[in-house]
Amino acid sequence: LDIRVSGDGPLDALPAAVEVAAYRIVSEALANVVKHAGAARCDITLSVRDRRLEVAVRDDGGGIDPDVPAGVGMLSLRERAAELGGDCQVSCPPGAGTLIAARLPIQEADSA
Ligand SMILES: Nc1ncnc2c1ncn2[C@@H]1O[C@H](COP(=O)(O)OP(=O)(O)O)[C@@H](O)[C@H]1O
Ligand SMILES: [Mg+2]
């Protein structure tokens, strides 16, 4: 599996809660790519824009079978984003693997 990580924007001054959520989301998504996707390549991107961190994990594997129910791992992606007031979308374009895209609002430390 060829894994590429890229970043964009000021990633060095994120609130700890946003860093932890991003780390856990990427960890689970990447574990799923390794376990389930049969992918050759995985791109992880982290972008800060408009006071939020956008996290994307994209693979070129087989996609998620629509009949497979979400397990604890997939549910945790949404929960971690929702805890911060954000969201996490999962999409499987036909023939194009899986994309996990989370948006995590960046709040000031005293309101996070
Ligand atoms: N990147 C992926 N590519 C293909 N299938 C996936 C991917 N991520 C998740 N899945 C499918 O979704 C199911 C649920 O994932 P998850 O909730 O993380 O549970 P678990 O990893 O414990 O099976 C997996 O069992 C697998 O069938
Ligand atoms: Mg999993």
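Start at 1 and go down the list; that is how both ligands and their atoms are numbered. Please read these numbers as outputs of a predicted model, since none were measured by experiment.
- In V72, the part holding a heavy atom less than 4.0 Å from any atom of ligand 1 is the backbone.
- Atom CG of residue L30 and atom CG of residue L1 lie 7.0 Å apart, to the nearest 0.5 angstrom.
- If you check which protein heavy atom lies closest to atom 19 (O) of ligand 1, you get G71 CA, 4.1 Å.
- Remark: side-chain polar atoms of D60 are paired, donor with acceptor, to backbone N or O of A40 under 3.5 angstrom.
- In this structure, atom 1 (N) of ligand 1 lies nearest to the protein heavy atom D59 OD2, 3.0 Å.
- D59 places no side-chain N or O within 3.5 Å of a backbone atom of C42 that could act as its donor or acceptor partner.
- Close approach of ligand 1 to M74 is summarised as follows: ligand atoms under 4.0 Å from at least one heavy atom of the residue are 9 (C), 14 (C), 15 (O), 16 (P), 17 (O), 18 (O).
- In this structure, the protein non-hydrogen atom closest to atom 4 (C) of ligand 1 is G63 O, 3.3 Å.
- Looking at ligand 1, you won't find any N or O of A70 less than 3.5 Å from one of its N or O atoms.
- Protein heavy atom closest to atom 22 (O) of ligand 1, with residue, atom name and distance, is K35 NZ, 3.8 Å.
- Regarding atom 23 (O) of ligand 1, its nearest protein heavy-atom neighbour is H36 NE2, 3.3 Å.
- Taking backbone and side chain together, M74 holds no N, O or S atom under 2.8 Å from the Mg ion (ligand 2).
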Would you sort out whether D43 and R4 count as a salt bridge (Lys or Arg N to Asp or Glu O under 4.0 Å), showing the intermediate values? CA-CA 5 Å; D43 287 282; R4 313 215 182 171; 5.2 Å; no
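- Scanning both residues, A29 and I100, for their nearest heavy atoms gives CB-CG1, 4.1 Å.
- Close approach of ligand 1 to E28 (heavy-atom distance below 4.0 Å) involves ligand atoms 18 (O).
- The 12-atom threshold is not exceeded at CZ of R78, counting heavy atoms of other residues, nucleotides or ligands nearer than 6.0 Å.
- In this structure the side chain of I106 reaches within 4.5 angstrom of the side chain of P15, judged on heavy atoms.
- Looking at E54 and T45, their side chains never come closer than 4.5 Å, going by heavy atoms from C-beta outward.
- Closest approach of G61 and A39 over heavy atoms only: N-CB, 3.7 Å.
- Note on E28: its N/O/S atom closest to the Mg ion (ligand 2) is OE2.
- Nearest-residue assignment for atom 2 (C) of ligand 1 (options L99, V34, T98; heavy-atom criterion): T98.
- When side chains are defined from C-beta on, V48 counts as touching L11, because their heavy atoms get closer than 4.5 Å.
- Scanning all protein heavy atoms for the shortest distance to atom 13 (C) of ligand 1 gives V68 CG1, 3.6 Å.
- Considering only non-hydrogen protein atoms, atom 7 (C) of ligand 1 sits nearest to I64 CG1, 3.6 Å.
- For atom 8 (N) of ligand 1, the closest non-hydrogen atom of the protein is N32 CB, 3.4 Å.
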